[in-house]
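Some notes on the structure that comes next.
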2 protein chains.
Amino acid sequence: MKPPSIKDIAKRAEVSITTVSFILNGKAEKMRISKEVIKRVEEIIQELGFKPNQVARSLRTGNTKTIGLIVEDISNPFFSAIARLIEDKAYKKGYKISYSSTENDPVKARELIEMFKSRKVDAYIIAPVPGIEEDIRQLLAERIPVVIFDRNLPDLDVNYVVVDNLEGGYSATEFLIKKGRKNIAFVTVDVEVDQINNRFLGYQKALRDHGMTANAHTLVKIPFDATEEDTNNRLKVLFEENPQIDAVFFSTNYLAVRGLFFLKSIQKPINDGFMIVAYDDQDVFRIHTPPISVVDQPIEQIAEKIIDIILQELSADRSLPQSERSKVSLPTRFIER
Amino acid sequence: MKPPSIKDIAKRAEVSITTVSFILNGKAEKMRISKEVIKRVEEIIQELGFKPNQVARSLRTGNTKTIGLIVEDISNPFFSAIARLIEDKAYKKGYKISYSSTENDPVKARELIEMFKSRKVDAYIIAPVPGIEEDIRQLLAERIPVVIFDRNLPDLDVNYVVVDNLEGGYSATEFLIKKGRKNIAFVTVDVEVDQINNRFLGYQKALRDHGMTANAHTLVKIPFDATEEDTNNRLKVLFEENPQIDAVFFSTNYLAVRGLFFLKSIQKPINDGFMIVAYDDQDVFRIHTPPISVVDQPIEQIAEKIIDIILQELSADRSLPQSERSKVSLPTRFIER
DNA sequence: GAGGATTGCTTAAACTATTTTGCATTTATC
DNA sequence: GATAAATGCAAAATAGTTTAAGCAATCCTC
């Protein structure tokens, strides 16, 4: 019992396929199809429960009504929250989302772009990894809408939505300094991405502005694919070799979570003598005792901006000369707890 | 600068489209295409960077190499973790995932299935809502692979992967009873889904087995779309009207999180005199002071089972008589903290 | 009042990029 | 010179959209 095709509808209504197509696509008026025919066809569509085959449609029209979402890890709360918000808005415009996780691996990222290309997704939303600049440039050359977010790729002229990570890093560090911290460790992920770099630069700048300098010994770079155990070991070394540390700034949400577990495991209390700040406002940080101060990213705004840019480009006449790229940088908000 | 099509390759190699197609699909041997031709064509494919148009391919072959994932809310850590694990395995077999969130709304769920149908996804992974039985039955009638998970739809003969929620509810409740709790409240979501019902039944059974009965006053059903404020108000009423409560069992992860925030806000301590258990092992529960005991679902196993079933059905010869449906129920694990 | 344009409706055929079936041609073998 | 093997292609099919054209009746113009 195959689902009916447009041909079945046409046959049953005793009109041509074209006529059905016009009616389906709201061109009945323009093509001056009689009210009776429209009614008859629509009734038959109802009756047989006909739904146009989107694949055939895509082949002919060249658009799939699908947006490709490429992130670092869809199970990271930051990305899944973004995914959820984007999905909602896209859905209202008839777009579906296809997602993939890169694990910060440029090879995989490139493969994913290839895969999405062959699937002819209409637009791309990408949390990029360095090393895929050329692939993105390629997309742009084909005039396919692209927005990158979370991180920028500085030498690429592309729409982006990021937050001011330098400011974010600065505010977190300054907070700690004002709380009298003298030895602020910086724990980060060992990936050369723009947003992480900026968080570090903000940290560095805040230190300098207050007459301090970053200490190479208390800067820990943890590989993205490090296990929890591995992470713990590195943190252990950090604290053993640098007992003077009186605060830690974690540059990513998941590292901060691991850090909290680690501190709990070694029973190091977080208090007036030892402070923590994290990136991203998540439940864990609010619920922790004591609560953890964080640099909060405006997730709703980020998602909204992304999808607005995408939908706007999708609806724009692509034959016209391209308008300016949208370059959006949103402020972070430091939440003191 | 459009990407090249198979036609361009054929023209450049001075062979027919058919030949290129055979080479692309590894049928060159079988179709006795000469080594030289194969080599020449492959070189040109390389040179022009040709990637077959998956849309055209799908139209012709009838499969899209896409799996539709329909969950309650992709930003819920339980679902996003599942999504991530499924994605990995599917990707290795050349499948992509398209996702959507139902918000427990049967109307939206039905629309999503329709949308996926018109997009001709090859298989469905669904965390179902009551009211979509008929739509799923329809899919099954068309012999499309479907796995439902998280919740079962009892009157449907379909593959499913669930956990033993009755046992889960039982173990959590029994733990509290053994800890000497006399008045255990049950806070749940007001949706008639199988897994939530079973958690309640487990709770009820444990009470009965220990000579107690569920108290209707300490059973709180919170609408799925309730705001946090709304949730707080309901919890406030619960505790004000039932000061005798000495434990709460939250039937879902997000309600437990809200509950913890609420308890924090009214400064009600969690200790030997007042205990909490939650569903799903999440960071928040582990990091909380004191740590919260939970009913842990084996997420990796769930994801693995789901995708195994799907991939197996996708690779099976659909013309053959259908083999038995897979009905998987995995054990939960109570983690005492 | 003859020829062309317009109107209102409908349709045949082309097009999208690929797979697949059945057939055609060439070359080698005896 | 017939047969078989080797090699490759034409054309149909997939399910839609879109273009250009057809038809009959009416209107316009010189």
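So that the names make sense, note that chain A is the first sequence line, chain B the second, and so on, each numbered from 1.
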Carboxylate-amine/guanidinium contact B:Lys39 B:Glu43, below 4.0 Å: yes
Those residues of residues 90-98 of chain B lying under 4.0 Å from DNA chain D by at least one heavy atom: none
Distance-only polar pair, side chains of B:Arg119 and A:Thr66, donor-acceptor under 3.5 Å: yes
B:Phe22 CZ to D:dG8 C1', straight-line distance once rounded to whole Å: 9 Å
Under-4.0 Å salt bridge between B:Lys92 and B:Asp88: no
Sugar-phosphate only, base, or nothing, as touched by B:Ser34 at under 4.0 Å among non-hydrogen atoms: sugar-phosphate
Atom-to-atom span, NZ of B:Lys65 to P of C:dT18 - whole angstrom: 17 Å
Phosphate contact (D:dT17 OP1 or OP2) by A:Ser21 side-chain N/O below 4.0 Å: yes
Global bending angle along the helix from C:dG1-D:dC30 to C:dC30-D:dG1, which compares the axes of five pairs at either end, to 10 degrees: 80°
Salt-bridge present (A:Lys108, A:Glu111; N to O < 4.0 Å): no
Rounded distance (nearest 0.5 Å) linking atom CZ of A:Phe224 with atom OG1 of A:Thr102: 7.0 Å
Integer-rounded Å distance: D:dA15 C1' and A:Asp8 CG: 11 Å
Parallel, tilted or perpendicular, as decided by the 30° and 60° cut-offs, for the rings of A:Tyr99 and B:Tyr99: tilted
Carboxylate-amine/guanidinium contact B:Lys96 B:Asp122, below 4.0 Å: no
OP1 or OP2 of D:dT18 under 4.0 Å from side-chain N/O of A:Lys27: yes
Over 12 foreign heavy atoms within 6.0 Å of CD, B:Glu14: no
Salt-bridge criterion met for A:Arg137 and A:Asp155 (N-O under 4.0 Å): no
Out of D:dT17, C:dT20, C:dT18, whichever nucleotide has its closest atom nearest the side chain of A:Leu24: D:dT17
Cation-pi geometry met for B:Lys305 and B:Phe149 (6.0 Å, 45°): no
Rounded distance (Å) that lies between atom C1' of C:dT26 and atom CD1 of B:Ile33: 15 Å
Lys/Arg N to Asp/Glu carboxylate O, A:Asp135 vs A:Lys117, below 4.0 Å: no
Phosphate-side-chain proximity, B:Lys7 and C:dT18, N/O vs OP1/OP2 below 4.0 Å: no
Interatomic distance, B:Arg119 CZ vs D:dG16 P [rounded to whole Å]: 14 Å
B:Ile17 CD1 - C:dG22 P separation (whole Å): 20 Å
Comparing B:Ser5 and A:Ser16 on DNA chain C - which has the more 5′ nearest nucleotide: A:Ser16
Under-4.0 Å salt bridge between B:Glu42 and B:Lys35: no
Length of the NZ-P vector between B:Lys39 and D:dT7, whole Å: 17 Å
Distance test, side-chain N/O of B:Thr19 to OP1/OP2 of D:dC9, below 4.0 Å: yes
Within residues 47-62 of chain A, residues whose heavy atoms come under 4.0 Å of DNA chain C: A:Leu59, A:Arg60
Separation of atom CG in B:Asn63 from atom P in C:dT20, rounded to whole Å: 9 Å
